[in-house]
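Reviewing the structure listed below.
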Amino acid sequence: MAGADMDPEVALGLFEEGATLVLLGVPEGTELGIDYKSWQVGPRFRGVKMIPPGIHFLYYSSVSSRSSGGEIGPRKGLFLSLKPRELILAHWDKKEEDLDFSASENLEEVSRVKAGLCELDSYLGPYPYETLRKWVSLTDKLNQEVAAALQPLSGRVCAFSDVIPELQLTHTKDRVEQNLPRNDTQCQTMKEGLDRLPRMKQREGTELRFSQIPKQTYPAGATPAQITQCSMDLSYALSCLLENHHKEHPLNVLGELQFAFVCFLIGNVYEAFEHWKSLLALLCKSEEAMKERKDLYLGLITVLYHQLGEIPPDFFVDIVSQNNFLTSTLQDFFQFAGGPGVDKALRKRAEKFKAHLTKKFRWDFDADLDDCAPVVVELPEGVTLD
């Protein structure tokens, strides 16, 4: 767990001001990482030192014994907001195969560990300072408040959802009472077999608490013409999301975009990738918002510039349709950003970003827009066209 050579002054500053994670009892072989680098834990590992203050993502995967095949478990992680010289203490819970941070609330134990840090020092790996610039570029819009609001109530971001049956149907009579097929008879069809499987739901408190993207993109009482307009320009839906979730600080939606990206890229959470795509599509398809929220969209370009540098260019291509989600979404963005009423600085930045993506990924943003085809929208109940 050795870091790259570091400037002596930087090393001294981090040694004096950096935070420390003391992680005791982590089994040898466990995969553990912080931010943009991970390691396989050795027998001497006791934690990480010289961590720059700020937002960080700690993650780990338990590994079964070699005799059991040495299989790697699903990744778990959590966002931490660390203060200068702060010490966070955790013990490995063998039963849960997870870190237990309750010891950090025991001031006496924390003080005892702090007093013995000199003896622990050789067992603490240095923070991977060579990756800090990249980590900051991916999280510079993410603050403690946003991370705490989005992180599950359980305190863990998990690669695999923790699911439980919607109904506890232990006995055949329980299924009969719910008018469900009995399990003690042979299935006649595939559908019948699938119907017998329990319906699952995510365990309460383990869900990522993302902003709810409005399903209805138009205001109540909208005319058919307004419904069509709001289906082509999602500014109304975006304003609803910002009003409901980021009212005081609208730019925090960029922090949410970064949170979702990190949860997917590093935490391996597919649900976070789906939310990232939905949130990005909402932002990119909001024409009026681009005219009114210059700072939001200047920030969005910066966020995307760094995010897209971390993934292969063909990642977003749908294998079935060969449709690239990102090029079609950004095509709308560049079209709107070049329209009348958009701030000159935003238009210029968008043009440079478009040229950068075209050169780096060879994406064609000037192809015929599929959106030129008629837009089919669902009308509210009771609304008819003459």
Would you find a donor on one side and an acceptor on the other, under 3.5 Å apart, between the side chain of [X] and the backbone of [Y]?
X: R75; Y: I266; answer: yes
X: D233; Y: Q229; answer: no
X: R209; Y: P152; answer: no
X: T20; Y: K49; answer: no
X: R46; Y: D121; answer: no
X: S81; Y: I55; answer: no
X: H245; Y: Q212; answer: yes
X: Q331; Y: T329; answer: no
X: S235; Y: A289; answer: yes

State, yes or no, whether a side-chain contact exists between [X] and [Y] at a heavy-atom distance under 4.5 Å.
X: L346; Y: I301; answer: yes
X: Y218; Y: T228; answer: no
X: I34; Y: L80; answer: no
X: E287; Y: M232; answer: no
X: L300; Y: L280; answer: yes
X: R349; Y: K352; answer: no
X: C230; Y: P219; answer: yes
X: F273; Y: N268; answer: no

Restricting to non-hydrogen atoms, name the atom on [X] and the atom on [Y] that form the minimum distance, rounded to 0.1 Å.
X: P53; Y: E17; value: CG-O, 4.1 Å
X: R347; Y: G338; value: NE-O, 4.0 Å
X: I311; Y: F361; value: O-CE2, 4.3 Å
X: S231; Y: T217; value: OG-OG1, 3.9 Å
X: H246; Y: S211; value: NE2-OG, 3.5 Å
X: A159; Y: V269; value: CA-CG2, 4.1 Å

Determine, step by step, whether E351 and K354 satisfy the salt bridge (Lys or Arg N to Asp or Glu O under 4.0 Å) criterion, reporting the C-alpha distance in whole Å, the side-chain angles of both residues, the deciding distance to 0.1 Å, and the verdict.
CA-CA 5 Å; E351 289 172 354; K354 178 181 176 182; over 6 Å; no
Using the rule given for side chain to side chain contact (heavy atoms under 4.5 Å, CB included), can you reason through Q258 versus Q307, listing the C-alpha separation, both sets of side-chain angles and the distance that settles it, and then say yes or no?
CA-CA 8 Å; Q258 289 186 328; Q307 289 182 343; 4.0 Å; yes
Taking side chain to side chain donor-acceptor pair (under 3.5 Å) as the test, write out the residues that go with H56, two or more places apart.
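Scan of H56 (side chain to side chain donor-acceptor pair (under 3.5 Å), adjacent residues dropped) gives D35.
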Linked hydrophobic residues, F160 as query - side chain contacts closer than 4.5 Å
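F160 clusters with nothing; isolated.
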Are more than 12 heavy atoms, taken from residues, nucleotides or ligands other than Y123, located less than 6.0 Å from that residue's OH atom?
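No, the 6.0 Å shell around OH holds no more than 12 heavy atoms from other groups.
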Can you get from [X] to [Y] by hopping between Ile, Leu, Val, Met, Phe, Trp and Tyr side chains that sit under 4.5 Å apart?
X: V63; Y: W39; result: no
X: Y270; Y: F325; result: yes
X: Y236; Y: L234; result: no
X: L32; Y: I72; result: no

Test L357 against L326 for side chain to side chain contact (heavy atoms under 4.5 Å, CB included), laying out the working first.
CA-CA 11 Å; L357 294 178; L326 202 55; over 6 Å; no
Using 0.5 Å steps for rounding, measure from the [atom1] atom of [X] to the [atom2] atom of [Y].
X: L304; Y: F261; atom1: CG; atom2: CZ; value: 9.0 Å
X: N252; Y: N143; atom1: CG; atom2: CG; value: 5.0 Å
X: F365; Y: F333; atom1: CZ; atom2: CZ; value: 10.5 Å
X: D364; Y: T327; atom1: CG; atom2: OG1; value: 8.5 Å
X: F45; Y: L124; atom1: CZ; atom2: CG; value: 8.0 Å
X: L142; Y: F79; atom1: CG; atom2: CZ; value: 6.0 Å

For side chain to side chain contact (heavy atoms under 4.5 Å, CB included), just list the numbers for M290 and Y297, CA-CA rounded to whole Å, side-chain angles, deciding distance to a tenth of an Å, and then say yes or no.
CA-CA 7 Å; M290 288 186 200; Y297 283 91; 3.7 Å; yes
Mind running side-chain hydrogen bond (donor to acceptor under 3.5 Å, both in side chains) on E97 and S62 for me, showing each step along the way?
CA-CA 6 Å; E97 295 188 328; S62 59; 3.2 Å; yes
Side chains of E256 and H275, donor plus acceptor under 3.5 Å:
yes
Just do the side chain to side chain contact (heavy atoms under 4.5 Å, CB included) check on V136 and Y36 with the steps written out, would you?
CA-CA 10 Å; V136 170; Y36 222 78; over 6 Å; no
For H356, which residues count as a ring pair (Phe, Tyr, Trp, His ring centres under 6.0 Å) partner, sequence neighbours excluded?
Y305
